[in-house]
Every structure is written in structure tokens, then in C-alpha cells.
Amino acid sequence: MSAGGAFGGNRGLRPVPPEKGVFPLDHMHLCDLEKKEYLNCLKSAGHKSEECRHLSRKYLECRMEKNLMAKQDMSELGFGKNVDAGTKSEEKIEQTKEK
């Protein structure tokens, strides 16, 4: 057996946490409502995530408020400044109103 143990173990290298991810986990279920709303939307929309973007944003904002992820500008996470709670279909309606 190697010095690291049967399953690889620590070989003197320190683990490096991911830059972005789901850590720390929501063990206290602080954002469960937002998560469930998003997952229900995905299910009813046939897993078309663009139709549930507003709920995705709401979930990420909850995680930031509860210190479950680093606070970042939403534009860095793929949400433009003009897209706060709207979906693509709402944007199309606005564009047709302007014409």
C-alpha cells in the first residue's frame, strides 16, 4: 500500500476549494423556498431554464444574502443589468410595444 492509505488519502497536498460552486451547502435549508420554486418552474417549463431565469436569480440572491456564497454582481453570474425579474418572453413584449 502507498503512504496515502487504501483510498488515496492525503499525500502531503492540501486540497484547493473550487473558485465557484455550491459551497457551503445549505444544511439549514435557508433558501429551500427559492430552490423549490425554481425546480418546480423547470419541471413545468419542460426544463427550459431561460423561462425560469427570474427564479434562478432569486435563488442566487438568497444564497448571497444568507452568506452561502460570495456576494457578486449579478452581471458576473450571467444576469444583465436590464434583466432583473423578466424572462425572454417579457423582453419580446417590451420590444413590440416600443415599435
Side-chain angles (χ1 to χ4, degrees):
M1 294 250 130
S2 67
F7 298 104
N10 187 354
R11 295 185 180 149
L13 300 175
R14 300 188 77 188
V16 179
E19 286 185 31
K20 292 185 181 181
V22 294
F23 300 101
L25 298 177
D26 190 3
H27 293 294
M28 301 301 290
H29 308 283
L30 301 173
C31 295
D32 261 8
L33 178 65
E34 291 82 357
K35 176 182 75 174
K36 288 177 183 178
E37 285 178 332
Y38 178 68
L39 293 174
N40 286 335
C41 179
L42 280 178
K43 189 174 182 179
S44 65
H47 298 281
K48 296 178 183 172
S49 61
E50 63 272 1
E51 293 182 24
C52 304
R53 264 178 85 73
H54 61 289
L55 295 172
S56 173
R57 179 185 182 118
K58 185 177 172 184
Y59 174 67
L60 291 172
E61 287 172 340
C62 176
R63 287 187 59 84
M64 284 187 248
E65 288 171 12
K66 309 288 185 187
N67 292 318
L68 294 169
M69 66 182 283
K71 290 182 168 71
Q72 285 183 269
D73 190 275
M74 293 306 285
S75 64
E76 293 176 19
L77 298 173
F79 297 92
K81 292 180 181 180
N82 295 332
V83 183
D84 37 345
T87 61
K88 288 185 177 184
S89 60
E90 290 174 355
E91 290 173 18
K92 289 178 184 176
I93 293 169
E94 288 297 319
Q95 289 174 353
T96 55
K97 285 182 183 177
E98 292 174 2
K99 290 181 181 179

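It should be emphasised that the depicted structure is a prediction, and the values quoted were computed from it without experimental measurement.
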>> So which atom in C31 and which in D26 form the shortest heavy-atom distance, rounded to 0.1 Å?
In response: N-OD2, 2.9 Å
>> For L42 versus C52, what's the shortest heavy-atom pair and its separation?
In response: N-SG, 3.5 Å
> Closest heavy-atom contact between E51 and H54?
Replying inline: O-CE1, 3.6 Å
> Who pairs with N40 by side chain to side chain donor-acceptor pair (under 3.5 Å), at least two apart in sequence or on another chain?
Replying inline: none
>> According to salt bridge (Lys or Arg N to Asp or Glu O under 4.0 Å), does anything in residues 36-45 pair up with another residue at least two apart or in another chain? List the pairs.
In response: E37-K58
>> Rounded to the nearest 0.5 Å, what separates atom CD in E34 from atom CD in E65?
In response: 8.0 Å
> Do F79 and M69 belong together in a cluster built from hydrophobic side chains that touch within less than 4.5 Å?
Replying inline: yes
> With sequence neighbours left out, what residues match E61 under salt bridge (Lys or Arg N to Asp or Glu O under 4.0 Å)?
Replying inline: R57
> When rounded to the nearest 0.5 angstrom, what distance separates NZ in K71 from CD in E76?
Replying inline: 14.0 Å
>> So, taking the atom named OH in Y59 and the one named CE in M64, what distance separates them when rounded to the nearest 0.5 Å?
In response: 11.5 Å
> To the nearest 0.5 Å, how far apart are CD in Q72 and CG in L60?
Replying inline: 9.5 Å
>> Rounded to the nearest 0.5 Å, what separates atom SG in C62 from atom CG in L55?
In response: 12.5 Å
